[in-house]
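Notes to accompany the following structure.
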2 protein chains.
Amino acid sequence: MRSKDELRSKAFWCLLGINLFENLRPEDMQELSRYTQNRKYQRGEMIYLPGDPATTVYFLKKGRVKLVYLDEHGRKLTLAICRPGQPFGELMPDEDHKRSRFMAQALEDVELCLIGRDELIRFAQERPHLSLRLAKWVGQQLREMESKLEDLIFRDVPVRLARLLERLAREEGVPATEGIEISLKLTNREIADLIGSTRETTTVLLSQLRRSGVITKRHGRFIITDLEGLKQRCAN
Amino acid sequence: MRSKDELRSKAFWCLLGINLFENLRPEDMQELSRYTQNRKYQRGEMIYLPGDPATTVYFLKKGRVKLVYLDEHGRKLTLAICRPGQPFGELMPDEDHKRSRFMAQALEDVELCLIGRDELIRFAQERPHLSLRLAKWVGQQLREMESKLEDLIFRDVPVRLARLLERLAREEGVPATEGIEISLKLTNREIADLIGSTRETTTVLLSQLRRSGVITKRHGRFIITDLEGLKQRCAN
DNA sequence: AAGATGCTGTAAGCCAGCTTACAGTAAGGG
DNA sequence: CCCTTACTGTAAGCTGGCTTACAGCATCTT
């Protein structure tokens with residue numbers, strides 16, 4: 001059986017690589033790690049569902065996770081794709097501890113560590129620097145939401161699709177022989193959910209882009225073969 | 001000429017009634033007030049414009065202010081209506097101090113006090129409780145944005161209009177003989193901007209609601225005469 | 001009083017993109 | 001290997017709500 005110390009140092013290690021906790025003093029890390037847990041999920045598994053009490057904050061260690069809004073009629077909108085190092089979950093829920101309206105789903109095999117919202121806040125209460133970082137994190141989420149809103153109101157579906165692909169190429173792209181490969185397995189349905197459109201419309205638009213030589217597909221992953229052409233389609 | 005103390009206590013008074021600074025120690029209030037300024041604006045005046053550097057945080061003392069997103073083609077979306085006691089402005093802008101994409105306009109004669117973002121953050125740095133409140137504030141903005149997004153994607157225009165009127169009746173309503181009066185002068189154009197629709201469509205829908213006996217208008221202000229009927233129209 | 005400016009009301013026409021429907025293809029699993 | 005399930009591709013039709021266009025009012029200005 002492993003010693004407590006070993007377990008603790010393992011948890012400690014878990015906190016490394018998380019942007020939010022960079023530059024934290026080692027003894028603080030040590031303390032914080034006592035409140036954390038490690039979890040693993042397989043591709044496709046749900047990490048939390050709409051309606052689950054929003055009392056936990058998650059930090060991605062490995063794999064990617066998508067955050068999806070689900071409405072009462074089953075329509076979906078994917079709000080974000082989180083990458084290793086990033087936190088997700090609701091840090092600042094309603095006064096009345098209302099349940100989250102989002103779900104988090106593993107896009108790949110995922111490793112994460114989690115911490116109770118109240119513990120994290122109590123811990124931050126005595127560490128102003130961390131508190132401000134939390135505020136900054138929430139501020140980032142806010143800005144992402146704003147840009148999502150901007151897209152959905154002011155841009156039409158073809159432009160939203162082009163902008164999504166351009167962003168994915170920038171954020172998740174790896175160089176390939178034909179161009180930039182988006183290192184994410186995404187179905188047309190998932191892309192549709194990301195741009196707030198339907199599967200059918202998205203399929204048609206993707207076919208057009210393929211025929212125009214802007215993109216191609218290999219092993220279920222998209223490759224941007226003409227980044228310039230794509231960028232032209234990002235404007236209204 | 002007035003003494004420094006008098007000026008200071010006046011500024012101090014300015015901080016009272018602002019939710020964010022409730023329960024702050026008097027000496028902290030005293031110090032914070034040294035960084036603040038008071039300003040007045042008339043109905044219709046701009047407080048800041050898109051493109052202005054986002055370095056200031058505002059606290060409303062009197063009157064209401066609307067925050068509007070303006071796109072490059074002149075289309076508008078009103079994101080929020082702020083009321084006395086509420087803060088607005090961008091507390092947590094991009095790393096690169098990107099300029100705000102919003103404008104703030106006085107809906108009525110307005111009194112506010114303002115403080116530099118950096119000063120406020122430096123001040124909060126040593127007061128963890130305040131830092132967490134800032135995070136909570138940003139969290140609230142985030143939730144409002146989420147609900148705006150939800151409306152815009154999943155609900156059609158008539159429902160969005162009904163929900164807006166219901167919300168305004170709840171938040172800005174005062175009892176009147178015929179029903180609940182919304183204590184805000186709003187043109188059809190402004191209502192259209194609030195629900196992400198056009199002036200014409202909004203006019204038609206408002207006329208329908210009037211003909212159905214759900215609302216009426218007096219002195220440029222709407223009165224909800226049939227709250228139940230309105231609530232029925234809030235569902236999809 | 002006349003003119004300018006901005007708000008309200010109404011209506012015809014149009015179109016992006018959602019719906020519905022179906023066929024073909026890939027892939028996972030027993 | 002077959003069978004089931006899920007994904008992709010295509011197309012006809014419909015419709016919510018945006019566009020465009022005007023006319024009548026209400027303020028405000030000088």
Side-chain angles (χ1 to χ4, degrees), chain A residues 42-45 66 71 73-78 105 107-109 151-165 182 184-212 215-223 233 235-236, chain B residues 42-44 71 73-78 105 107 151-165 184-212 215-223 233 236:
Chain A
Q42 284 177 5
R43 175 177 163 76
E45 263 189 286
K66 67 174 176 180
D71 93 335
H73 306 293
R75 288 171 297 191
K76 284 185 210 164
L77 180 76
T78 301
Q105 186 178 18
L107 273 177
E108 304 163 343
D109 289 354
D151 258 41
L152 282 160
I153 299 166
F154 295 127
R155 300 184 214 282
D156 60 20
V157 174
V159 170
R160 297 211 293 268
L161 177 60
R163 286 168 61 88
L164 173 72
L165 291 173
I182 293 169
L184 261 174
K185 258 196 175 137
L186 291 171
T187 66
N188 291 4
R189 181 74 225 270
E190 286 175 308
I191 292 176
D193 290 344
L194 276 161
I195 60 177
S197 178
T198 57
R199 203 273 307 164
E200 293 82 348
T201 302
T202 305
T203 299
V204 169
L205 293 173
L206 283 170
S207 307
Q208 279 172 19
L209 287 177
R210 179 144 7 106
R211 259 179 262 122
S212 314
I215 60 173
T216 183
K217 210 173 185 179
R218 211 182 44 198
H219 312 135
R221 293 188 174 87
F222 287 98
I223 300 171
R233 282 158 229 258
N236 265 15
Chain B
Q42 284 178 5
R43 174 176 164 76
D71 93 335
H73 306 293
R75 287 171 296 191
K76 287 185 209 163
L77 180 75
T78 302
Q105 186 177 20
L107 273 176
D151 257 41
L152 282 161
I153 299 167
F154 296 126
R155 300 183 214 285
D156 61 19
V157 174
V159 171
R160 296 210 294 269
L161 178 59
R163 287 168 60 88
L164 173 72
L165 291 173
L184 262 174
K185 255 193 177 141
L186 291 171
T187 66
N188 289 6
R189 180 75 226 269
E190 286 176 309
I191 291 176
D193 291 343
L194 276 161
I195 61 177
S197 177
T198 56
R199 203 272 307 164
E200 293 81 349
T201 302
T202 305
T203 298
V204 169
L205 293 173
L206 284 170
S207 306
Q208 279 171 18
L209 287 177
R210 180 144 6 106
R211 258 178 263 122
S212 312
I215 59 172
T216 183
K217 210 174 186 180
R218 210 182 44 199
H219 312 135
R221 294 188 173 83
F222 286 97
I223 300 170
R233 282 159 230 256
N236 265 15

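Letters go in sequence order (proteins before strands), and every chain restarts at 1. Any value given below was found using the heavy atoms of this structure, including those in side chains, with hydrogens, waters and symmetry copies removed.
Here the C1' atom of nucleotide D:dC18 and the CD atom of B:E200 are 8 Å apart, to the nearest Å. Distance, A:L152 CG to C:dA16 C1': 15 Å, rounded to whole Å.
Around atom NZ of A:K185, no more than 12 heavy atoms belonging to other residues, nucleotides or ligands sit under 6.0 Å away.
Within 4.0 Å (heavy atoms only), B:K217 reaches sugar-phosphate atoms of the nucleic acid but no base atom. At a threshold of 4.0 angstrom between heavy atoms, the contacts of B:T187 are confined to the sugar-phosphate backbone, with no base atom among them. B:R155 comes within 4.0 angstrom of nothing in the nucleic acid, heavy atoms only. B:R211 comes within 4.0 angstrom of sugar-phosphate atoms only, judged by non-hydrogen atoms across all strands, and of no base.
Checking the phosphate oxygens (OP1, OP2) of C:dT10, no side-chain nitrogen or oxygen of B:R199 falls inside 4.0 Å. At C:dC18, one or more side-chain N or O atoms of A:T198 fall inside 4.0 Å of OP1 or OP2 (strictly under the cut-off). One finds a side-chain N or O of B:N188 lying less than 4.0 angstrom from the OP1 or OP2 phosphate oxygen of C:dT8. For the OP1/OP2 pair of C:dG9 and a distance below 4.0 Å, the side-chain nitrogens and oxygens of B:T203 include no atom meeting the criterion.
A donor-acceptor pair under 3.5 Å links the side-chain atoms of A:R75 to the main chain of B:F154, judged by distance alone. Side-chain N or O atoms of A:D109 include none that pairs as donor or acceptor with a backbone N or O of A:Q42 at under 3.5 Å.
The side chain of A:S207 sits closest to D:dT10 out of D:dT8, C:dG9, D:dT10.
In this model, no side-chain donor or acceptor of B:R210 finds a partner on the base of C:dG9 within 3.5 Å.
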